[in-house]
Amino acid sequence: MKKNIIIGNWKMNPLTLKEAEKLFSGVAKGISGIQKTEIVICPPFLYLEKLKKLSKKINLGAQDAFWGETGAFTGEVSGEMLYEIGARYVILGHSERRATGESNSDINKKIKSSLVAGLRPILCVGESVRDESHGYFNLVKMQLEECLAGIQRGSVSKIIIAYEPVWAISSTPNRQDASADDSREMSIFIRKILSDKFGKESSRTRILYGGSVNEKDASEFLENGGVEGLLVGRASLDAKKFGEIVKICEVLSK
Ligand code: PGA
């Protein structure tokens, strides 16, 4: 059975290890009775190793991973290194990284090497704007096709797809709220692309929604957004709010 999953993307927060430990312990405390929901926290790289020791229940993920195992890649961190210190997931293709120049083909290489390293990739897709002629569907289709090119059928269930419309992300200036209908429509579209490409193996691939999710609208997205979980940014920096989102997911899990 696919468990629903709630993923916290801490982005480049918090500033110190001490604060990171406090936040993480707060989350761990708040989710003690949770059984049906998988929980993943993606902190900055340098906190991973310390946080790993604080909870068995929370899975850890990174926010990026370079392709290649070791070598002359100044400033990069590989999937193997991340696995070695306890990460089991990795966010790839986040819009904030795409904005710095990361291409679908870069992301494709990272997905492949992360799978080899034993990490589960969380592939972010989503359009920056919505146009009247619905061109954003083609953009998401292209992101999926290029990022997942050459991925084996047997690996597709390990990949998580996070639909994150950039216009709904909390850090986007003049952002707008996405609705559960927006999420459901895109999730059906993504599911169809995955099924055309990978067949029934893809039915186990989880599709998530992300973009300013909070404790007030989480239930609406989980109930009506056609998704099996959420990717939470800003609200994951507040242990209480994140814990509430996890509990909402738990109650709604069959
Ligand atoms: P947000 O971030 O919840 O703060 O909008 C989500 C994300 O960018 O992953």
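Numbering of ligands and ligand atoms starts at 1, following listing order. From a predicted model like this one, the values you see are computed outputs, not experimental measurements.
- Using a 4.5 Å heavy-atom threshold, the side chains of I159 and L115 count as touching.
- R153 forms no cation-pi arrangement with F198, by the criterion of a distance under 6.0 Å to the ring centre and an angle within 45° of the ring axis.
- Between D177 and R175 there is a salt bridge, since at least one side-chain N of the basic residue sits less than 4.0 Å from a carboxylate O of the acidic one.
- Within ligand 1, the atoms closer than 4.0 Å to a non-hydrogen atom of R234 are 1 (P), 3 (O), 4 (O), numbered from 1 in the order shown.
- Side-chain contact between S95 and I169 is present, with at least one heavy-atom pair separated by less than 4.5 Å.
- With ligand atoms numbered from 1 in the order given, ligand 1 contributes 7 (C), 8 (O), 9 (O) to contacts under 4.0 Å with heavy atoms of H94.
- Under a 3.5 Å cut-off, the side chain of Q63 and the backbone N or O of K11 do form a donor-acceptor pair.
- Given atom 6 (C) of ligand 1, the protein heavy atom at minimum distance is E164 OE2, 3.4 Å.
- Counting only distance, with no hydrogens or angles, the side chain of R204 and the backbone of V156 share no donor-acceptor pair below 3.5 Å.
- Residue G211 places a heavy atom less than 4.0 Å from ligand 1.
- In this structure, atom 4 (O) of ligand 1 lies nearest to the protein heavy atom S170 OG, 2.5 Å.
- Considering backbone and side-chain N/O atoms, G233 comes within less than 3.5 Å of an N/O atom of ligand 1.
- Residue S212 has at least one nitrogen or oxygen atom sitting less than 3.5 Å from a nitrogen or oxygen atom of ligand 1, judged on distance alone.
- Taking the six-membered ring where the residue is Trp, F221 and Y209 present parallel rings, their angle staying beneath 30° rather than reaching 60°.
- Counting heavy atoms under 4.0 Å from ligand 1, residue N9 touches it through the side chain alone.
- Heavy atoms of K11 approach ligand 1 to within less than 4.0 angstrom.
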